[in-house]
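Following: one structure in structure tokens, then a few remarks.
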Amino acid sequence: MKSPLRNRLARTLGVCLFATLSAVGVACGSDRNGDSAKDARDAKNNMSAAKAGVGEVTAATGAAAASTSVRKPVVVFFGTSLTAGYGLDPEQAFPSLIEKKAQAEGLPITAVNAGLSGETTAGAARRIDWVLRTPADLIVIEGGANDALRGLAPDAARANLERVIAAVRQKQPQAGIVLIQMEAPPNFGPAYTRSFRSIYTDIAKKQGIPLLPFLLDGVAGIPRLNQPDGLHPNVAGERIVADNLWRALKPLVARLDRGAKRS
């Protein structure tokens, strides 16, 4: 994204987000009407269901081993309410939409939605070990939006995201890692916005991992593509998010192992 467009997008996003913070609390569904415990339970339920689905795929593949060795790679989407699909049905969230796109294009995957509303990068660093109980071929990391909206230190967010990546490499060294670019609203000044933006490019370069485009590109700040809170994509907006991510993810998904089954 060229700098003028990125800056205009950040300003638009910032105005939209800042105007709604007092009405909805900390962004990205931080409490969902104060029920953060419910969010955590929902996230665990989603992960448990996903694990069951992975088990079923493995069992079905094993039963058909005599006739085929093809397996479905597992892609874990780890993030905030933007990944969880706040305000949407689970099948309307972008991880599910991407799973459907992959299937339609002959690159079937099992998508695991590990999004949790209101989570900062510090929370992500604490939660990643639990998420990594699910074996994965690719882990897509979306984090930092809540840090930015709270004005938390970019250096802390950087360190937390690197802790997440280190945990993946330690516990699942076979898994690929992808990072999604996030942007900060301009409310804390241009220096903060620049510092926050650089987190992602710096980490991707240092860690040697792909960096996907800004998650809400083409959606942020556009009322018809967002829910009434002005923060989270609606059904139409989520489809655009899924389209954008799939274009960037498709070459990576195409290279995932579909041969020998995991023992």
Open item on the list: Please determine whether side chain to side chain contact (heavy atoms under 4.5 Å, CB included) holds for the pair N226 and L231, giving the CA-CA distance in whole Å, both sets of side-chain angles, and the decisive distance to 0.1 Å.
Closed with: CA-CA 7 Å; N226 287 276; L231 301 170; over 6 Å; no
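- Residue pairs satisfying the ring pair (Phe, Tyr, Trp, His ring centres under 6.0 Å) criterion with at least one member in residues 162-191, sequence neighbours excluded, are listed as follows: F188-Y192.
- Taking the side chain as every heavy atom from C-beta outward, I141 and I180 never approach each other to under 4.5 Å.
- Cluster partners of V235, by chain and number: L88. The rule joins Ile, Leu, Val, Met, Phe, Trp and Tyr whenever side-chain heavy atoms lie under 4.5 Å apart.
- Results of the side chain to side chain contact (heavy atoms under 4.5 Å, CB included) test with F78 over V131, N113, L116 single out V131 as the only residue that passes.
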TODO: Apply the test side chain to side chain contact (heavy atoms under 4.5 Å, CB included) to residues Q181 and L216: give CA-CA distance (whole Å), side-chain angles for both, the deciding distance (0.1 Å), then the verdict.
DONE: CA-CA 9 Å; Q181 175 75 46; L216 300 177; over 6 Å; no
N/O donor-acceptor pairs under 3.5 Å from side chains in residues 153-168, not counting sequence neighbours:
unit_1, atom_1, unit_2, atom_2, d
R158, NH1, D202, OD2, 3.0
N160, OD1, R163, NH1, 3.4
N160, ND2, T121, OG1, 3.0
N160, ND2, A156, O, 3.1
E162, OE2, K206, NZ, 3.3

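- In this structure the side chain of E99 never reaches within 4.5 angstrom of the side chain of P108, judged on heavy atoms.
- Checking side-chain atoms of Q172 against main-chain N and O of L132 turns up a donor-acceptor pair under 3.5 Å.
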- [ ] Mind running side chain to side chain contact (heavy atoms under 4.5 Å, CB included) on K72 and T110 for me, showing each step along the way?
- [x] CA-CA 6 Å; K72 275 189 179 182; T110 297; 3.7 Å; yes
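- When the ring-ring contact (aromatic ring centres under 6.0 Å, His included) test is applied to Y200, the partners found at least two apart in sequence or on another chain are F196.
- With sequence neighbours excluded, no residue forms a salt bridge (charged side-chain N to carboxylate O under 4.0 Å, His left out) with D129.
- For the pair V178/L212, a side-chain contact is recorded, criterion being any heavy-atom separation below 4.5 Å from C-beta on.
- In this structure, the side chains of V75 and V112 stay at 4.5 Å or more apart for every pair of heavy atoms.
- The two residues A236 and L225 have their closest heavy-atom pair at CB-CD2, 4.0 Å.
- Among the candidates R150, R127, R126, the single residue satisfying the salt bridge (Lys or Arg N to Asp or Glu O under 4.0 Å) test with E119 is R127.
- Here the side chain of Q92 pairs a donor or acceptor atom with the backbone of D89 at under 3.5 angstrom.
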Task: D137 vs R71, salt bridge (charged side-chain N to carboxylate O under 4.0 Å, His left out): CA-CA, chis, key distance, verdict - done: CA-CA 11 Å; D137 295 88; R71 58 179 290 273; 3.0 Å; yes
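- For the side chain to side chain contact (heavy atoms under 4.5 Å, CB included) with L245, the qualifying choice from D217, V140, I98 is I98, the only one to do so.
- With hydrogens and angles disregarded, no donor-acceptor distance shorter than 3.5 Å links the side chain of S96 to the backbone of A93.
- Residue I199 holds its CD1 atom at 7.5 Å from CG of D147, rounded to the nearest 0.5 Å.
- In this structure, the separation between CG on L82 and CG on N146 is 7.5 Å, given to the nearest 0.5 Å.
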TODO: Would you please test L211 and T201 for side chain to side chain contact (heavy atoms under 4.5 Å, CB included) and show each step?
DONE: CA-CA 7 Å; L211 178 64; T201 51; 3.8 Å; yes
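- I203 and L252 fall within the same hydrophobic cluster, defined by Ile, Leu, Val, Met, Phe, Trp and Tyr side-chain heavy atoms under 4.5 Å apart, directly or through other members.
- Judged by distance alone, with hydrogens and angles left aside, the side-chain atoms of Q227 form a donor-acceptor pair with the main-chain N or O of P233 at under 3.5 Å.
- A donor-acceptor pair under 3.5 Å links the side-chain atoms of Q174 to the main chain of A136, judged by distance alone.
- Judged by distance alone, with hydrogens and angles left aside, the side-chain atoms of D257 form a donor-acceptor pair with the main-chain N or O of G259 at under 3.5 Å.
- Of the N and O atoms on the side chains of Q207 and R169, at least one donor lies less than 3.5 Å from an acceptor on the other residue.
- In this structure, F77 and F94 have perpendicular ring planes: the angle between them is above 60°, well past the 30° mark.
- Interatomic distance, I128 CD1 to W130 CH2, rounded to the nearest 0.5 Å: 11.0 Å.
- If you take CE on M182 and CG on L149, they are separated by 8.5 Å, rounding to the nearest 0.5 Å.
- With contacts defined as side-chain heavy-atom distances shorter than 4.5 Å, the pair Y86/T80 does not qualify.
- The distance from atom NZ of K250 to atom CG of L107, rounded to the nearest 0.5 Å, is 6.5 Å.
- The hydrophobic cluster of L97 has no other members, since no ILVMFWY side-chain heavy atom comes under 4.5 Å of it.
- To the nearest 0.5 Å, the span separating CD on E238 from CG on N234 amounts to 9.0 Å.
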